[in-house]
Protein chains: 2
Amino acid sequence: MSTSTGDGRRSGAETRAQILRVALRLFTEKGYEATSTRDISEELGLTKSSLYYHFRNKEEILASLTAQRRQDVTELLDWIAAQPRTADLPLRAALRWVSATTPENLQAMRMAHANQPLMRRLTASGQDVRSAFGEVVDALAGEDADPRRRLLLRMAFDTAGAALLSAQGTDAAPEDVIEAARAATVALAGALTAPEGQGDGA
Amino acid sequence: MSTSTGDGRRSGAETRAQILRVALRLFTEKGYEATSTRDISEELGLTKSSLYYHFRNKEEILASLTAQRRQDVTELLDWIAAQPRTADLPLRAALRWVSATTPENLQAMRMAHANQPLMRRLTASGQDVRSAFGEVVDALAGEDADPRRRLLLRMAFDTAGAALLSAQGTDAAPEDVIEAARAATVALAGALTAPEGQGDGA
DNA sequence: GTCTATAGGTTGATAGAC
DNA sequence: GTCTATCAACCTATAGAC
């Protein structure tokens with residue numbers, strides 16, 4: 001029966017999870033600034049004040065939604081460091097990254113995309129997912145590679161985000177998005193190892 | 001000498017253009033909702049009220065920034081309709097689209113990306129740039145193509161947006177972004193005509 | 001854990017003088 | 001064309017009762 005107390009109260013963890021679920025959806029649909037704490041609380045049948053029992057402030061709700069992502073990038077960096085530096089390492093690394101994307105990850109990415117300026121602000125003041133990619137690119141392409149090559153490599157990792165962008169307004173399922181992203185990663189990484197033409201002639 | 005009146009006033013068109021320039025930057029940096037009319041006016045040495053002489057309301061400023069984009073898609077559609085339906089038409093069409101991207105277009109795209117939820121709202125209530133791409137995809141792939149193929153084709157057109165996404169936080173110049181987008185379009189369109197492997201075997 | 005009540009501040013927008 | 005003055009609406013967040 002969970003930890004319900006019998007009257008209108010719920011377990012702390014349960015309510016907290018509900019708040020996060022609703023906030024994730026509203027922050028994505030309407031944007032963080034356009035979503036008021038009132039919007040969130042009313043949808044749960046609570047008052048604004050009750051929200052402040054579970055979270056210090058509105059931004060902490062967002063932080064809880066964002067946490068636990070840089071860890072993944074760090075693991076990827078460790079994995080790359082342990083790999084033999086073969087020519088197809090960029091492809092294997094990017095494919096590993098994109099293949100690890102789950103539908104839950106997609107929804108978090110949607111939210112991040114829907115609040116770009118805000119995420120940029122948080123980025124500047126602490127932990128960052130996107131800037132960590134700079135290290136990944138450095139590890140794979142070297143800091144001396146030309147900007148166009150570096151950007152293309154980055155795009156090979158970012159195909160999930162790109163697919164999400166293109167899928168906007170369509171009825172594409174999360175699985176379609178991930179599959180298209182994988183295909184795009186293969187294509188982009190391939191272009192990096194054979195930049196000119198599509199045959200293998202000179 | 002322009003149309004300055006000699007005292008503190010400026011020509012209407014001139015002030016209007018300045019407002020649009022500042023708004024484009026602030027809407028991109030901070031987001032539409034987080035940018036107040038006060039932010040815009042103060043940066044120009046005006047009062048909020050003066051803004052309302054040039055624009056009916058805040059949203060009309062955004063609309064002025066957004067206008068004149070669907071035209072481009074319509075032209076693309078006409079061009080596609082007039083082309084022979086060869087196997088490389090998707091590549092040629094997507095490349096034509098991406099190649100026509102200017103640094104000015106990039107900045108407008110940046111702004112659109114920074115305000116996804118709002119743009120989606122405007123989309124639902126009238127003219128739309130993104131949904132028009134559905135027609136492009138239909139014309140090139142047919143409505144019967146599987147979702148993964150359709151999405152991949154869409155991504156081949158959306159490489160400028162994807163490159164912009166990946167370029168965030170880097171020092172990539174607009175020209176680098178456009179060049180990387182072109183390369184990505186070639187790679188993605190290539191993957192569409194030869195979906196399996198990178199050789200040309202079965 | 002949730003409520004009512006309210007503090008304290010910002011916002012978009014309008015009226016009317018100059 | 002720009003200003004001052006003002007408004008109603010809304011926001012985040014806190015205090016304190018239950």
Side-chain angles (χ1 to χ4, degrees), chain A residues 1-24 26-27 29-66 115 117-118 121-122 125, chain B residues 1-24 26-27 29-66 115 117-118 121-122 125:
Chain A
M1 289 299 179
S2 164
T3 50
S4 170
T5 57
D7 62 44
R9 300 174 197 168
R10 308 159 231 204
S11 106
E14 193 183 333
T15 304
R16 197 187 146 93
Q18 287 180 334
I19 292 172
L20 288 175
R21 235 188 39 235
V22 171
L24 176 59
L26 292 183
F27 288 171
E29 289 175 0
K30 320 200 322 173
Y32 176 83
E33 342 261 355
T35 300
S36 66
T37 53
R38 193 163 160 261
D39 292 330
I40 301 173
S41 60
E42 274 186 355
E43 192 141 335
L44 290 170
L46 296 179
T47 59
K48 291 185 298 168
S49 294
S50 295
L51 253 52
Y52 285 88
Y53 173 83
H54 298 278
F55 296 91
R56 202 177 307 261
N57 51 44
K58 189 185 173 187
E59 198 162 305
E60 202 191 77
I61 300 180
L62 183 78
S64 295
L65 253 20
T66 305
N115 295 283
L118 182 61
R121 238 193 56 211
L122 296 185
S125 70
Chain B
M1 296 296 178
S2 166
T3 50
S4 170
T5 57
D7 61 47
R9 300 175 200 170
R10 306 158 232 204
S11 108
E14 192 183 334
T15 305
R16 196 185 147 94
Q18 286 178 334
I19 292 172
L20 288 175
R21 234 188 41 233
V22 171
L24 176 59
L26 292 183
F27 288 170
E29 287 174 3
K30 319 200 323 175
Y32 177 83
E33 342 261 356
T35 300
S36 65
T37 53
R38 194 162 159 263
D39 292 331
I40 301 172
S41 61
E42 273 187 355
E43 192 140 333
L44 290 170
L46 295 180
T47 59
K48 290 186 299 167
S49 295
S50 295
L51 254 50
Y52 285 87
Y53 173 82
H54 297 279
F55 296 92
R56 201 178 308 258
N57 51 42
K58 189 185 175 187
E59 199 162 302
E60 202 190 79
I61 301 180
L62 183 77
S64 296
L65 253 19
T66 306
N115 296 282
L118 181 63
R121 239 192 56 209
L122 295 186
S125 69

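Reminder, nothing fancy here: chain letters follow the sequence lines and each chain counts from 1.
Applying the ring-ring contact (aromatic ring centres under 6.0 Å, His included) test to residues at least two apart or on different chains, the pairs with a partner in residues 32-62 of chain B are B:F27-B:Y32.
Here the side chain of B:Y53 is nearest to one of C:dT11, C:dG1, D:dT2, namely D:dT2. Comparing C:dA13, C:dT2, C:dT11 by their nearest atom to the side chain of A:L46 picks out C:dT2. The listed nucleotides are C:dT2, D:dT12, D:dT2; the one nearest the side chain of B:S50 is D:dT2. If you check D:dA13, C:dG12, D:dT2 against the side chain of A:N57, the one that comes closest is D:dA13.
In this structure, B:Y32 atom OH and C:dG12 atom C1' are separated by 9 Å, rounded to whole Å. Separating the CZ atom of B:F55 from the P atom of C:dG12 is a distance of 15 Å, rounded to the nearest angstrom. In this entry the distance linking CG of B:L51 with P of D:dC3 reads 10 Å, nearest Å. Atom CG in B:L44 sits roughly 11 Å away from atom P in D:dC3 (whole-Å rounding). One atom, CD of A:E60, and another, C1' of D:dT12, lie 14 Å apart when rounded to the nearest Å. For the pair A:I19 CD1 and D:dT12 C1', the computed distance is 15 Å after rounding to whole Å. Nucleotide D:dC10 holds its P atom 15 Å from the CD atom of B:E33, rounded to whole Å. Between A:E42 atom CD and D:dT12 atom P there is a gap of 12 Å when expressed in whole angstrom units.
Taking the side-chain hydrogen bond (donor to acceptor under 3.5 Å, both in side chains) definition, one finds that B:E60 meets it with B:R56, sequence neighbours left out. Under the salt bridge (charged side-chain N to carboxylate O under 4.0 Å, His left out) criterion, A:R21 pairs with no residue at all, not counting sequence neighbours. With sequence neighbours left out, B:K48 forms a salt bridge (charged side-chain N to carboxylate O under 4.0 Å, His left out) with no residue at all. The salt bridge (charged side-chain N to carboxylate O under 4.0 Å, His left out) check on B:K30 picks up B:D39, with sequence neighbours excluded.
Across all strands, A:T47 comes closer than 4.0 Å to base atoms (heavy-atom distances). Among the protein residues, B:T35 comes within range of the sugar-phosphate backbone only, with heavy atoms under 4.0 Å from sugar or phosphate atoms but none that close to a base.
In this structure, the side chains of A:K58 and A:I40 stay at 4.5 Å or more apart for every pair of heavy atoms.
One finds the CG atom of B:L46 at 7.0 Å from the CG atom of B:L51 (value rounded to the nearest 0.5 Å).
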Might you list the N or O atoms of the protein lying below 3.5 Å from N or O atoms in nucleotides 14-16 of chain D, with each pair's distance?
residue	atom	partner	partner atom	Å
D:dT14	O4	A:S49	OG	2.9

